[in-house]
Amino acid sequence: MNNTSKRWIFDSVVWSASLLFLFGLLLDNALADSKGFTASNNTWKAECASCHMAYPPNLLPAPAWRRLMAGLDKHFGTDASIDARSAAEIGAFLENNSGQGKRRGSDSGTLRITETPWFQRKHDEVPASTWKNPRVQTAANCSACHAGAERGDFDEHAVRIPR
Amino acid sequence: MHTFRICCNKGVHPLAYFPDQNAVAINLQQLLRSAAGLLLAGSLALPGLEAAAAAPAEIQKSLETAARASTPGFGGLSAERGQRFFSSTHGNDWSCTSCHTPTPLAPGKHAKTGREIAPLAPAANPQRFTDAAKVEKWFNRNCNDVLGRVCTAQEKGDVLAYLMSLAK
């Protein structure tokens, strides 16, 4: 084989590998977008779903999750403290899958999903009396209106407000 | 003889032409991270299985031993005292019954979030009091919430005696 054809083989191998890799990158990003509210982690499911449903990590920006995880011993009026190892794993999971972009990625200072501008805009048509309905109890009780909330399904066509 | 070149000067690796090398680096990082996650999950699974073996009676026994060591004039665990402790608010807003109901054979409901809680009595829920670390974690949290302090071994032992006295 002369040098030129060696070069040719080398070039085509490198090029196809690079193209495949780029294609992989694009696919990966597309999948990340279509993941919706279904990111999951076993430790998170075991530790963060006993007092309420496990809220999808992309509903709060990373800095809010960091503050929330640093204060679990005083968590919205309850003690939700966990061991350091689980806390580290859950914290990393929440931050890696946290809210992105202009809406869900910006930190408005609150630790409550239900106090973020994003949540309030999505729910501005819900009348004040509904939030006080004892069958809803708290805005954080997503499943009261979104039957599929535990599965990450918040589709607006499946919303049923209890009366 | 032909030459086949799309862009590059000889000797320059095609990848060097992509301006956004960060994207490549980040993706590699993600790959490594998920690989590490898989390994970690694998190594955690085994000890987890071993830990979930205790029975309510064993947990009660170790609470009793701790209570005997720390309570002057210890006179045994009492289901009756446990029941009184369980339904008292101890001067604050909540009692244990606020979430676990006065009849812990039945499912409870979280006083603040409304989430259903599986029954606390072992007779109604065989998973209860089988994992010492889990029991300790929840005694710590819930005693803090209800009493503003951790419970003593005697108090925990009494509560467990009460819950074990409940039959379907």
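Any value given below was found using the heavy atoms of this structure, including those in side chains, with hydrogens, waters and symmetry copies removed. Keep in mind that what you see is a predicted model, and the values were worked out from it rather than measured. Residue numbering restarts at 1 for every chain, and letters A, B, ... go by the order of the sequence lines.
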>> In the structure I gave you, are the side-chain heavy atoms of Thr78(A) and Trp94(B) within less than 4.5 Å of one another anywhere?
In response: yes
> Can you tell if the side chain of Lys74(A) reaches within under 4.5 Å of the side chain of Asn144(B), non-hydrogen atoms only?
Replying inline: no
Counting heavy atoms not belonging to [X], are there more than 12 under 6.0 Å from its [atom1]?
X: Asn133(A); atom1: CG; value: yes
X: Glu115(A); atom1: CD; value: yes
X: Arg67(A); atom1: CZ; value: yes

> Taking all non-hydrogen atoms of both residues, which atom of Gln137(A) and which atom of Lys112(B) are closest, and how far apart?
Replying inline: NE2-O, 3.6 Å
> How close do Asn140(B) and Asp79(A) get, heavy atom to heavy atom, and via which atoms?
Replying inline: O-OD2, 4.1 Å
> Where does Ala46(A) contact chain B at under 4.5 Å (heavy atoms): side chain, backbone, both or neither?
Replying inline: neither
Answer yes if [X] and [Y] sit in the same cluster of Ile, Leu, Val, Met, Phe, Trp and Tyr residues linked by side chain heavy atoms under 4.5 Å apart, and no otherwise.
X: Leu77(B); Y: Phe139(B); value: no
X: Trp65(A); Y: Phe76(A); value: yes
X: Leu120(B); Y: Trp138(B); value: no

> For chain B, which of Ser50(A), Gly77(A), Ala144(A) has the most heavy-atom pairs under 4.5 Å?
Replying inline: Ser50(A)
>> Please report the interatomic distance CD1(Ile82(A)) to CZ(Arg141(B)), rounded to the nearest 0.5 Å.
In response: 7.0 Å
> In Å and rounded to the nearest 0.5 Å, what is the CD to OG distance from Glu116(B) to Ser143(A)?
Replying inline: 12.0 Å
>> Please classify the contact between Lys134(B) and chain A as side chain, backbone, both or neither, with a heavy-atom cut-off of under 4.5 Å.
In response: neither
> For Asn142(B), is it the side chain, the backbone, both, or neither that has a heavy atom closer than 4.5 Å to a heavy atom of chain A?
Replying inline: neither
Report, one line per pair, each donor and acceptor closer than 3.5 Å where one atom sits in a side chain of residues 152-163 of chain A; sequence neighbours left out.
residue: Asp153(A); atom: OD1; partner: Asp155(A); partner atom: N; Å: 2.9
residue: Asp155(A); atom: OD1; partner: His157(A); partner atom: N; Å: 2.8

